[in-house]
Q: 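Right, I'll just put the structure down here and ask away after.
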Amino acid sequence: QVQLVESGGGSVQAGGSLRLSCSISGYNSARNTYTLGWFRQASGKEREGVAVMDSAGSTSYADSVKGRFTISRDRPKNTLYLQMNTLKSEDTAMYYCAAALGTVSAQSLFIAGVYHYWGQGTQVTVSS
């Protein structure tokens, strides 16, 4: 059973930076491949994909965060990161780490329903 635990959220002023971390356990890389991603959900809105990384390390980003956010992974530490720079008030949301077992098609990368495992979330608040 894959378990995901996020950390690193907080309050920051617009233009600032935060780095989110997602500790991954129960992950069997010898037997399975996973697609990992970061999603966010603002109050009153649907959960949306922000950045994803497939098992080969290829990354994809939502248009709203391209050039500002970077997803990365430290395999020995089993940790997924999301570096967020030049934060805007519209980035305020609960951020979730997610994992999908196997390969996710390109058109489904940002669809929350295809991901099997989720963390509890970490809140990011950006004040203008």
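Heads up: numbering here begins at 1 and tracks the sequence. The analysis underlying the following values was restricted to heavy atoms, covering all of them including side chains, and did not include hydrogens, waters or symmetry mates.
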Q: Are Phe39 and Phe110 close enough, and set up right, to give a ring-ring contact (aromatic ring centres under 6.0 Å, His included), and what steps lead you there?
A: CA-CA 8 Å; Phe39 286 72; Phe110 294 109; 7.2 Å; no
Q: I'd like to check Val126 versus Glu90 (side-chain heavy atoms, cut-off strictly below 4.5 Å). Are they in contact?
A: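 No, every pair of side-chain atoms sits at 4.5 Å or beyond.
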Q: Does Pro76 reach the side chain of Asp74, with side-chain heavy atoms less than 4.5 Å apart?
A: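 In contact.
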Q: Is it possible for you to say whether Tyr34 and Leu20 belong to one hydrophobic cluster, with membership spreading through side-chain heavy-atom contacts below 4.5 Å?
A: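 Yes; Leu20 is reachable from Tyr34 via cluster members.
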Q: Could you give the distance from CG (Asn85) to OG (Ser17), rounded to the nearest 0.5 Å?
A: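 Here the interatomic distance stands at 3.5 Å.
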Q: Is there side-chain contact between Thr79 and Ile24, with at least one heavy-atom pair below 4.5 Å?
A: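 The answer is no; the side chains never approach within 4.5 Å.
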Q: Could you give the distance from NE2 (His116) to CG (Leu101), rounded to the nearest 0.5 Å?
A: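 Output value for this atom pair is 5.5 Å.
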Q: Group every Ile, Leu, Val, Met, Phe, Trp and Tyr by side-chain heavy-atom contacts under 4.5 Å, then state whether Val52 and Val50 land in the same group.
A: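 No, Val52 does not connect to Val50 through the hydrophobic network.
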Q: Going by heavy atoms in the side chains, are Met84 and Val12 under 4.5 Å from each other?
A: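 Of all side-chain heavy-atom pairs linking Val12 with Met84, none is under 4.5 Å.
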Q: Grab the two heavy atoms, one from Ser89 and one from Ser128, that are nearest each other, plus how far apart they are.
A: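 In terms of heavy atoms, the two residues are closest at CB-CB, 4.4 Å.
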Q: Any heavy-atom pair between the side chains of Ile71 and Trp38 that's under 4.5 Å?
A: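 Answer yes - side chains close enough.
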Q: Roughly how far apart are Arg68 CZ and Leu87 CG, rounded to 0.5 Å?
A: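 With rounding to 0.5 Å, CZ (Arg68) is 6.5 Å from CG (Leu87).
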Q: Under 4.5 Å between side-chain heavy atoms, counting indirect links through other Ile/Leu/Val/Met/Phe/Trp/Tyr residues: same cluster for Tyr61 and Leu18 or not?
A: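 Yes, it is one cluster - the side chains of Tyr61 and Leu18 are joined through contacts under 4.5 Å.
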Q: Could Asp91 and Lys88 be called an ion pair, given the rule that one side-chain N must be under 4.0 Å from one carboxylate O?
A: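 Salt bridge: no.
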Q: Report yes if some heavy atom in the side chain of Arg40 is under 4.5 Å from a heavy atom in the side chain of Val65; otherwise report no.
A: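 The answer is yes, as the side chains (C-beta and beyond) meet within the 4.5 Å cut-off.
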Q: Nearest 0.5 Å, please: how far is OG in Ser55 from CG in Leu36?
A: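 Between atom CG of Leu36 and atom OG of Ser55 there are 9.0 Å.
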Q: Could you check whether Thr35 and Asp54, counting side-chain N and O atoms only, form a donor-acceptor pair closer than 3.5 Å?
A: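 Not at all, the side chains of Asp54 and Thr35 share no donor-acceptor pair under 3.5 Å.
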Q: Let me confirm one number: the CD-CD distance from Gln3 to Gln120, rounded to the nearest 0.5 Å.
A: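 The CD atom of Gln3 sits 10.5 Å away from the CD atom of Gln120.
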Q: Quick check: closest heavy atoms across Ser60 and Leu109, and the distance to 0.1 Å?
A: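 So the minimum-distance heavy-atom pair works out to OG-CD1, 3.6 Å.
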Q: Would Leu4 end up clustered with Tyr115 when hydrophobic side chains under 4.5 Å apart are linked, directly or stepwise?
A: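 Leu4 does not cluster with Tyr115.
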Q: Fit a plane to each ring of Trp118 and Tyr96, take the angle between them on a 0 to 90° scale, and name the class: parallel (under 30°), tilted (30 to 60°) or perpendicular (over 60°).
A: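 Rings of Trp118 and Tyr96: perpendicular, over 60°.
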Q: Quick one: CD on Glu48 to CD on Gln41, what's the gap to the nearest 0.5 Å?
A: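 Separation between the atoms: 9.5 Å.
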Q: With a 3.5 Å distance limit and no angle check, can you tell me whether Glu6 reaches the backbone of Cys97 through a side-chain donor-acceptor pair?
A: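 Pair found, side chain donor or acceptor close to backbone of Cys97.
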Q: Is there a path from Met94 to Val124 through hydrophobic residues (I, L, V, M, F, W, Y) whose side chains come within less than 4.5 Å of each other?
A: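 They do not share one cluster, since no chain of ILVMFWY contacts under 4.5 Å joins Met94 to Val124.
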Q: Using only heavy-atom distances, determine whether the side chains of Ser105 and Ser108 contain a donor-acceptor pair under 3.5 Å.
A: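 Ser105 vs Ser108: donor-acceptor pair found between side chains.
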